[in-house]
2 protein chains.
Amino acid sequence: MLKNAEFTNKLRSSGLRPTKQRLKICEVLFNRDHTFHFTINDLAKNISRELNEKISLATVYNTVHAFKKKGYLKEISINSDKSYFDTNTTNHHHFFDEDTNELIDCDDKIIETPKIKKNILGKKINSVEVLVKVATDNQNQK
Amino acid sequence: MLKNAEFTNKLRSSGLRPTKQRLKICEVLFNRDHTFHFTINDLAKNISRELNEKISLATVYNTVHAFKKKGYLKEISINSDKSYFDTNTTNHHHFFDEDTNELIDCDDKIIETPKIKKNILGKKINSVEVLVKVATDNQNQK
DNA sequence: CAACAGTTTAGAATAATTATAATATATTAT
DNA sequence: ATAATATATTATAATTATTCTAAACTGTTG
Ligand SMILES: [Mn+2]
Ligand SMILES: [Mn+2]
Ligand SMILES: [Zn+2]
Ligand SMILES: [Zn+2]
């Protein structure tokens with residue numbers, strides 16, 4: 001649970017001006033007990049629900065991308081329709097529920113990060129992520 | 001290297017009429033020594049390069065999705081801009097070269113498919129895929 | 001061949017995202 | 001504090017990928 005002043009410092013220290021839009025977005029994204037996944041549209045809706053003045057959609061895009069560049073958010077591609085973002089910036093894996101389109105985090109206790117036995121020559125590994133797609137089993141019991 | 005007549009049979013046996021557009025797309029996709037990855041746009045360009053009459057973009061979309069539904073293609077989400085498709089329909093993992101936007105297959109010898117220690121209740125696992133993002137190492141020595 | 005269902009097509013529609021350029025705000029220098 | 005500068009926000013237009021539509025066409029079956 002960070003306060004406004006702490007967000008201000010965090011933003012300043014990463015070279016981002018602490019505007020009221022950015023502070024509001026920080027509050028919505030980071031003033032929480034748990035990390036979560038969202039789309040830009042989810043976020044825009046959340047903000048406008050809580051806020052009297054609106055934040056322009058362009059600003060939401062700009063801010064989310066700025067935060068991603070600074071490492072405060074991760075982008076996750078599961079389906080090509082829209083981008084998901086993640087306030088959990090640690091290395092972790094996901095279940096994707098194809099029934100509900102829900103993304104669920106899972107750590108190394110549930111899925112061990114696989115070892116890469118041989119890398120591409122001259123390249124550095126930036127991330128290793130596992131995606132498990134699940135859906136209701138329509139193949140009822142035999 | 002399959003021939004036209006074989007594609008005709010394959011299509012018929014899966015309930016798809018062997019139209020000339022579908023046969024041409026089969027040829028471009030499956031008449032090869034190796035599997036590969038492509039975007040709809042790549043495919044449309046390939047076709048129009050080889051062909052005098054054009055195949056409508058809508059037909060390319062329709063056909064790719066029909067082939068995917070029949071299991072002849074897989075769809076892969078790496079970046080949210082566009083969809084990649086894969087003529088390799090086996091379970092396998094990928095390197096994604098962030099410099100070139102190239103997708104590279106890799107099998108269990110290079111990346112072992114991770115074990116899922118605990119699944120979501122009441123759901124069936126449809127796929128487990130590893131994505132390794134790599135890029136040139138700009139972090140030169142020391 | 002006739003009839004029908006399935007397919008293709010061009011173009012319009014949609015949806016996510018990015019670009020533009022004018023206005024506003026935050027920071028820095030005076 | 002004020003002015004100058006750099007950066008951010010905004011409404012709106014543009015772009016891009018993808019899907020929809022409805023008319024024309026083609027493959028299949030009898
Ligand atoms: Mn799709
Ligand atoms: Mn993006
Ligand atoms: Zn996550
Ligand atoms: Zn592949």
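Each chain gets a letter, A, B and so on, in the order the sequences are listed, and its residues count up from 1. Every heavy atom of this structure was used, including side-chain atoms; hydrogens, water molecules and symmetry mates were not.
In the region residues 14-21 of chain B, proximity to DNA chain C at under 4.0 angstrom, judged on heavy atoms, holds for B/R17, B/T19, B/Q21.
If you take CZ of B/F7 and P of D/dG27, they are 18 Å apart, rounded to a whole angstrom. Taking atom CG of residue B/D42 and atom C1' of nucleotide D/dT18, one finds them 15 Å apart after rounding to whole Å. Protein atom NE2 of B/H65 is 10 Å distant from nucleotide atom P of D/dC20, rounded to whole Å. To the nearest angstrom, P of C/dT25 lies 15 Å from CZ of A/R22. If you measure from atom CG of B/N62 to atom P of D/dT21, you get 13 Å, rounded to the nearest angstrom. A straight line from CG of A/L57 to C1' of C/dA16 spans 9 Å, rounded to a whole angstrom. A/E75 places its CD atom 12 Å from the C1' atom of C/dA16, with the value rounded to the nearest Å. Summarising the geometry, the separation between CZ on A/R12 and P on C/dA26 is reported as 10 Å, rounded to the nearest angstrom.
Atom CG of B/L23 sits about 4.5 Å away from atom OG1 of B/T8, to the nearest 0.5 Å. Atom CD of A/E98 and atom CG of B/N126 lie 5.0 Å apart (nearest 0.5 Å).
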Intermediate values then yes/no, side chain to side chain contact (heavy atoms under 4.5 Å, CB included), A/K74 and A/H92
CA-CA 11 Å; A/K74 278 175 62 172; A/H92 66 283; 4.1 Å; yes

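For D/dT9, neither phosphate oxygen OP1 nor OP2 lies less than 4.0 angstrom from any side-chain nitrogen or oxygen of A/S56.
Counting heavy atoms of neighbouring residues, nucleotides and ligands inside a 6.0 Å radius, atom NZ of B/K54 exceeds 12 of them.
Under the 3.5 Å distance criterion, with hydrogens and angles disregarded, a donor-acceptor pair is assigned to the side chains of A/T39 and A/D42. Using modelled atom types and a 3.5 Å distance limit, the side chains of B/N46 and B/R49 yield a donor-acceptor pair. A/D108 and A/T113 share a side-chain donor-acceptor pair at under 3.5 Å.
The 5' end of DNA chain D is approached more closely, in terms of each residue's nearest nucleotide, by A/T63 than by the other of B/N41 and A/T63.
The side chain of B/Y61 sits closest to D/dT18 out of D/dT18, C/dT7, D/dA11.
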